[in-house]
Novice: 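Attaching a single structure in structure tokens format; questions to follow.
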2 protein chains.
Amino acid sequence: MLGARDVVPDSSTADILVAAADCFMERGYSATSVDDVARRLGATKGRIYHHFPSKSALFAGVFQFGMDRIFDAVEPYRNQPGPAVERWKRIAFVHTKRMMKSKTLARVVWEGVEMHLRGATTPEQRLVLDGLVKYRNSYSDIFRETIVQAREEGDFNFEDPAITVQSMFMALNSPIFWYVPRPGEDDEHMYAVVRQIVTFAYRGLGGKGELDL
Amino acid sequence: MLGARDVVPDSSTADILVAAADCFMERGYSATSVDDVARRLGATKGRIYHHFPSKSALFAGVFQFGMDRIFDAVEPYRNQPGPAVERWKRIAFVHTKRMMKSKTLARVVWEGVEMHLRGATTPEQRLVLDGLVKYRNSYSDIFRETIVQAREEGDFNFEDPAITVQSMFMALNSPIFWYVPRPGEDDEHMYAVVRQIVTFAYRGLGGKGELDL
DNA sequence: TTGACAACATACTGGGTAGTATGTTCTTTG
DNA sequence: CAAAGAACATACTACCCAGTATGTTGTCAA
């Protein structure tokens, strides 16, 4: 697998990644200084530069960390037998759930993809980002193959897979922008939100009947 | 109307707005320097600071300019008589078309909303951004009211309007991230893309039958 | 013709920031 | 127990950037 889980970060490195993810989410990549991340850790730059050679490498680390966790969620279901539409229901559900539960990491991954699409980066940054985005594209391929197969099996109905998978992902990813967990909110309420989002995407893809989740 | 078209920018100011929009889209707000915008104009900072008091005011100008154009597209259809679902079809279509045709401005508006959601801004910036986001929310209200009415008329079917309108907007806005107009591409091809996106959203909202656009 | 102002350009400043060079402390290993 | 290196902190530098202060040129009205 492309760059997946090559290195498991040790405890201190993991703390840095989490703090960095928080900062990147709150202010965005370029508005976040390395000192900001250090401050959040109650530490100084020295600690961060001991583990990461540069700010962009730190960002790449968070991206990788985030993508790993997203992959983790879907991994158990991606190769299950049965009709493709049933597989889609499961991976769409756990994907969206993960978007909400790991909102911070998911948004950093989002910004990474955005940065790549912009293209306005240094050649060295670009090389790293290229690899990461390939990793992320291999993830979206899982969904693309699944919905195409489901269409062949007569359960979905759409024209261009490229366009459709983009619309689908945008809908499934939407909560990373607006979802705010209420204090004392139980999982059941969160699942209700997930269900509505997945239902929207399911219908959008041309799925028939009700979504039984 | 909330802050709409109060001031029509003169020619020179409009040039600055366009150049700024290009820069903001390519690198994002904080990664863009005022000198960057000036360079793109073949001018210097002096010109920009003569028309705008600050970088954030420049951003606000682009945001306003972009929102005005988005409003423009929908305005002729928002109060047309007939069933709400038909009104939705029209405004969803022109909205998505505008997203693609004014992709640059649309992305700046997007980043403005994102910045507001993050909340990590100076109090003074926040005040300006608050007003702009209210302006943009009054726009999304048009869609929310329309789909709720269409649901009451039995043409749409969904649970929570707040969640659903978010999913819908994400789907309709998606092309601002991936659409790249091919050289020599005709409008007909672009409309085909729009049609697929709107179809996805239409079905997602619980619309029955085919979309006749 | 002149003076006043608009529309810029030029030159400068202070603060922030990525990255580096160099301590310091603690742990581990032979 | 000594020494070597890991895991940081401190101190510093060079640079970029928002904003300002001031100069310059063209226009237009009296």
Side-chain angles (χ1 to χ4, degrees), chain A residues 7-24 26-63 108 111-112 115 120-129, chain B residues 7-24 26-63 108 111-112 115 120-129:
Chain A
V7 205
V8 177
D10 62 286
S11 163
S12 178
T13 305
D15 287 346
I16 295 175
L17 288 174
V18 170
D22 288 343
C23 291
F24 288 147
E26 280 181 12
R27 303 174 191 262
Y29 174 72
S30 44
T32 299
S33 73
V34 179
D35 284 301
D36 284 338
V37 180
R39 253 191 300 275
R40 180 170 292 240
L41 283 165
T44 66
K45 273 213 284 239
R47 178 170 172 193
I48 295 172
Y49 277 102
H50 181 72
H51 292 271
F52 298 91
S54 67
K55 185 187 171 185
S56 57
L58 174 61
F59 182 83
V62 179
F63 188 110
V108 176
E111 194 180 356
M115 281 172 59
T121 39
T122 68
E124 167 250 355
Q125 250 184 18
R126 197 160 177 69
L127 238 155
V128 183
L129 215 54
Chain B
V7 205
V8 177
D10 63 287
S11 163
S12 179
T13 305
D15 286 346
I16 295 175
L17 287 173
V18 170
D22 288 343
C23 291
F24 288 148
E26 280 181 12
R27 304 172 191 261
Y29 174 71
S30 43
T32 299
S33 74
V34 179
D35 285 300
D36 284 338
V37 180
R39 250 191 302 276
R40 179 169 293 240
L41 283 165
T44 66
K45 272 211 284 236
R47 178 168 172 195
I48 294 173
Y49 277 102
H50 180 73
H51 293 271
F52 298 91
S54 67
K55 185 186 171 185
S56 58
L58 174 60
F59 181 83
V62 179
F63 188 109
V108 176
E111 193 180 356
M115 280 172 59
T121 39
T122 69
E124 168 250 354
Q125 250 185 18
R126 198 161 177 70
L127 239 154
V128 183
L129 215 53

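All chains are named by letter (A, B, ...) in the order of the sequence lines, taking the proteins before the strands, and each is independently numbered beginning at 1.
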Novice: Say whether B/S12 and B/D15, considering side chains only, have a donor N or O and an acceptor N or O under 3.5 Å apart.
Specialist: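 B/S12 vs B/D15: no donor-acceptor pair found between side chains.
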Novice: Listed by chain and number, what are the ring pair (Phe, Tyr, Trp, His ring centres under 6.0 Å) partners of A/Y29, not counting sequence neighbours?
Specialist: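 Checked A/Y29 against ring pair (Phe, Tyr, Trp, His ring centres under 6.0 Å); matches are A/F24, A/F59.
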Novice: Has the side chain of A/T32 got a donor or acceptor atom that lies under 3.5 Å from a matching backbone atom of A/C23?
Specialist: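 Side chain of A/T32 to backbone of A/C23, a donor-acceptor pair under 3.5 Å: yes, one is there.
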Novice: Is there a donor-acceptor pair under 3.5 Å between the side chain of A/D22 and the backbone N or O of A/A19?
Specialist: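 Checked: no pair found.
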Novice: Can you check the A/L41 CG to D/dA7 P distance for me, whole Å?
Specialist: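 Taking CG of A/L41 and P of D/dA7, I get 15 Å after rounding.
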Novice: Over all heavy atoms of both residues, which pair between A/V108 and A/A21 is shortest? Give the atoms and the distance, please.
Specialist: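 Of all heavy-atom pairs spanning A/V108 and A/A21, the closest is CG2-O, 3.8 Å.
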Novice: Sugar-phosphate means primed atoms, P, OP1 and OP2; the rest is base. With that split, encode nucleotides 4-19 of chain C 5' to 3' as B, S or - using protein heavy atoms under 4.0 Å.
Specialist: ---BBBB------SBB
Novice: What integer distance in Å separates A/F52:CZ from D/dC8:C1'?
Specialist: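 Those two atoms, CZ and C1', are 15 Å apart.
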